[in-house]
There are 2 protein chains.
Amino acid sequence: MATLKDVAEKAGVTVTTVSRVINNRGYIGEQTRQKVQEAMKELHYQPNELARSLSMKRTNTIGIIVPHIVHPYFAKLISELESEAAAHKYKILLCNTKAETKKELEYIDMCKSNRVSGIVLCSRNVDIKKMKNLDIPVITIERYLDAGTVGIECDNYQGGRMATEHLIEAGCRNLIHLSGIKNENMPADARAEGFRDVCKEHGIQHREMLSNNKIYSTMDYHEYIRQAIREVPDVDGIFASSDLIAAQTIQVCNELNLKIPDQIKIVGFDDVDIAKYTTPMITTIHQPVHEMASWAIEFIEKSLRKEVIPEQLKLPVSLVKRQTT
Amino acid sequence: MATLKDVAEKAGVTVTTVSRVINNRGYIGEQTRQKVQEAMKELHYQPNELARSLSMKRTNTIGIIVPHIVHPYFAKLISELESEAAAHKYKILLCNTKAETKKELEYIDMCKSNRVSGIVLCSRNVDIKKMKNLDIPVITIERYLDAGTVGIECDNYQGGRMATEHLIEAGCRNLIHLSGIKNENMPADARAEGFRDVCKEHGIQHREMLSNNKIYSTMDYHEYIRQAIREVPDVDGIFASSDLIAAQTIQVCNELNLKIPDQIKIVGFDDVDIAKYTTPMITTIHQPVHEMASWAIEFIEKSLRKEVIPEQLKLPVSLVKRQTT
DNA sequence: TATTATGTGTCAATCGTTTGACATATAATT
DNA sequence: AATTATATGTCAAACGATTGACACATAATA
């Protein structure tokens, strides 16, 4: 593959000159510029980013670490992060931990080795930065933050409240909350708190369920949902902590011949595409994923410029009424 | 950040020695090795992959270029590719073209600049390799192949046949095929051929529909589906060319009060997760995405080793019976 | 004893860029 | 005429690894 040197020779100048026209810095004569550009065209020259990054001591790469790619929430998050990153001339190094701590630590090292400009961590919340002696900005999304990382999350508590209030207003008097993950201590836990508080305020009968699922190891919640409904047979409203669970709740209700929304109402969380493709479509709490991604990239850039950035950012959620309520 | 040199100084040896223990090549005394390893620990040394790649003239990066990340088929493909790549010590550079030719070409350049080991292209089929003077192995998935690239696809024609035969065996006599993309000339077009041939062989009344959707610009097919059913009101079987379309077909049938599978049966294509989360669950044609991803990575490796690889690989599909038939 | 194989380690060039420090030439300003 | 900007280029040292070519012991073999 052609190098700067080849181009320089072909154009009859030195590498510095070529580098100058590429990065257009310093003074360059119009004629010289022409010659150089022609040479580049002819040789199909493509600058070597590795050499460039090495020399400049910075890459334009952002590492994204997620526990799961197929999960619609993460797929959406990745998609939004990619768009935003591309708009800022960053490229994406994609890491999938499958929720294994070992892989996560390996990926952190990998990002470090590749000198990424920043890391967006949506995986877990070990005290990464301290542990790994990282001097790379780390943004977490919907995870508890460590010392020195900035955490972005949506207002899970309000989301829980809104979902629950909506169910109660719609006439539900016996509620279940289906949470996704047990024992993981995540911001999403606040959804349950919101649920609990609203139920208590209204004196509504309620029950919270915890899935046995290891974090995202499987996305099959059917048995968990069946069990929940079996335990509370006269339930008339379910607040699921993700649209994925909500979708499966629809299926289980269908098995049990519970009519949605007449006999039972369902509210999901996330507002990912799947909520629009089920029958009926899912009423859900919208997470501002686009904004979350956008802030994440912005914070990485600010952090690189040594600007002060907040430790935590909590974004508002909203209710999207569809057909399950 | 600590460099080889720092480690060498701390351990009282030269950089060559340190490099030797890292890559363990040549002879190294046990004591020396110890000392070096301690020094690395203490300094939290993490080799600079950029320098390493530059020096070795190879990266361990694979570029994945897709038109859409949120689309469940691509999400799954990306996920499988990532797993397989990780297992082979490759990292992933993720590129989302949103089906824009301009972005696609930019991303090809980006991959080239970053000296990726290979490119998995699932986006379109311009004559990339020739156009861009690429000397990087390119594997396409479910796209027509260019000169010099290897194409991996599933047996779309057989898939079309199987879906259609299944509908006919289940008693359908008036079929529609809903294809996803118009005028794109993709391997997936063969699904329609399979459909057509089987219908003709059985003398079954049939109709093929083409979506007006620009390729993946939106994933909303509702109006298209409504229109199709309006044109063939007595349809009793639909073969949708993706599970995403099938899911939306379920929704439309529900609007129109057509009972599935009693009055109308539906078969999808892809067998992505969404097929399991709709109500009813979608009977579909399974694409062996895992195997496709696995072959893609293998071919890239073979290609780097200068081994001969096939020009085309067609993998078998299978029918997964669920609840829409 | 001379020769060869086996360990252990050092030197310095190389990968493809960027960039500060210098030249040199021309034009404009005192 | 001397001084100072303004253009236009060149040189060579980084950046942080890898690696072939050597050097020098020590042990084994002829």
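Here is the naming used below: chain letters follow the sequence lines, and residue numbers restart at 1 for every chain.
- Residues A:Tyr45 and B:Arg33 both approach DNA chain C. Their nearest nucleotides, taken by heavy-atom distance, put B:Arg33 toward the 5′ side.
- Taking every heavy atom of both residues into account, B:Leu121 and B:Arg143 meet most closely at O-CG, 4.2 Å.
- Straight-line distance from the CZ atom of A:Arg58 to the C1' atom of D:dG16: 18 Å, rounded to whole Å.
- Protein atom CG of B:Asn48 is 14 Å distant from nucleotide atom C1' of C:dG16, rounded to whole Å.
- Ring-plane geometry between B:Trp295 and B:Phe299 is classed as tilted, the angle between the planes lying from 30 to 60 degrees on a 0 to 90 degree scale.
- Contact check on A:Arg52 versus A:Glu49 returns a salt bridge, with a Lys/Arg side-chain nitrogen under 4.0 Å from an Asp/Glu carboxylate oxygen.
- The base of C:dG9 sits within donor-acceptor range of the side chain of B:Arg20, with an N or O pair under 3.5 Å.
- For A:Asn23, a side-chain nitrogen or oxygen approaches OP1 or OP2 of C:dT18 to under 4.0 Å.
- Residue A:Glu84 comes nearest to A:Ala293 through the heavy atom pair CG-O, 4.2 Å, listed as atom of the first residue, atom of the second, then distance.
- Across all their heavy atoms, B:Leu54 and A:Ala51 have their closest contact at CD1-CB, 3.9 Å.
- Using a cutoff of 4.0 Å between basic side-chain nitrogens and carboxylate oxygens, B:Lys302 and B:Glu298 are scored as salt-bridged.
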Is there any protein nitrogen or oxygen under 3.5 Å from a nitrogen or oxygen in nucleotides 23-26 of chain C, and what are the pairs?
none

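- In this structure, B:Thr32 reaches the sugar-phosphate backbone alone: every heavy-atom distance under 4.0 Å involves primed, P, OP1 or OP2 atoms, never a base.
- Along DNA chain D, the nucleotide nearest to B:Met1 and the one nearest to A:Lys35 differ in position, and the one closer to the 5' end is contacted by A:Lys35.
- When the nearest nucleotides of DNA chain C are assigned to B:Val15 and B:Met56 by heavy-atom distance, the more 5′-ward of the two goes with B:Val15.
- Rounded to whole angstrom, the span from the CD atom of B:Gln46 across to the C1' atom of D:dA17 amounts to 14 Å.
- Atom CD1 in A:Ile22 sits roughly 14 Å away from atom C1' in C:dT19 (whole-Å rounding).
- Heavy atoms from other residues, nucleotides or ligands lying under 6.0 Å from CD of A:Glu307 number more than 12.
- Between the P atom of D:dC15 and the CG atom of A:Asn114 lies a distance of 20 Å, rounded to the nearest Å.
- For the pair B:Asn24 CG and C:dT8 P, the interatomic distance rounds to 14 Å; values are reported in whole Å.
- Look at CG on B:Leu54: it is 8 Å from C1' on C:dT17, rounded to the nearest Å.
- Relative to the side chain of B:Lys57, the nucleotides C:dG16, C:dT18, D:dT18 differ in distance, and C:dG16 lies closest.
- No donor-acceptor contact under 3.5 Å links the side chain of B:Thr14 to the base of C:dT10.
- Residue contacts for A:Thr16: at a heavy-atom cut-off of 4.0 Å it reaches a base atom on one of the strands shown.
- As a whole-Å value, the separation of B:Leu50 CG from D:dT18 P is 12 Å.
- With respect to the salt-bridge test (charged N to carboxylate O, under 4.0 angstrom), the residues B:Lys102 and B:Glu100 do not qualify.
- For D:dT10, the OP1/OP2 oxygens have a side-chain nitrogen or oxygen of A:Thr17 closer than 4.0 Å.
- Contacts of A:Ile28 with the nucleic acid, taken as non-hydrogen atoms under 4.0 Å apart, involve only primed sugar atoms and P, OP1 or OP2.
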